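Single-structure report; data block below.
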Amino acid sequence: MDNKYLIIMIIPFLALAVRRLHDIGKSGWMLLLELIPVIGSIWIFVLNVTEGEAKENKYGPDPKAVEVKS
């Protein structure tokens, strides 16, 4: 694979992964679990398929919340 492509694609991947972790109330630093062989990848996968918090957390509002206009 071309190294330029990998370098260009790593930034959006990391941004998306951190955003997903923030949606469930976890820190972006949890991505470092990927460095643990097998177990880390499985745990990050489990976190990624977990339903996000249905309320505002310290990382911001629920992105799936319906905004009610008066």
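Since we're looking at a predicted model, the values are computed, not measured.
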Of all the heavy-atom pairs spanning Leu47 and Ile24, show the shortest one and how long it is.
-> O-CD1, 3.4 Å
Residues forming a side chain to side chain contact (heavy atoms under 4.5 Å, CB included) with Leu33, sequence neighbours excluded = Met30, Ile36, Trp43, Ile44
Linking I/L/V/M/F/W/Y whenever their side-chain heavy atoms sit closer than 4.5 Å, directly or via other members, would Ile11 and Phe13 fall into one cluster?
-> yes
Tell me, please, which residues at least two apart from Ser41 pass side-chain hydrogen bond (donor to acceptor under 3.5 Å, both in side chains).
-> Glu34
To the nearest 0.5 Å, how far apart are CD1 in Ile10 and CD1 in Ile8?
-> 12.0 Å
Single-linkage hydrophobic cluster Ile7~Leu14, side-chain heavy atoms < 4.5 angstrom = no
Give a yes or no on whether Val49 and Val38 share a hydrophobic cluster (residues Ile, Leu, Val, Met, Phe, Trp, Tyr; joining criterion: side-chain heavy atoms under 4.5 Å apart).
-> no
Distance in Å, Leu31 CG paired with Arg20 CZ, rounded so as to fall on 0.5 Å steps = 12.0 Å
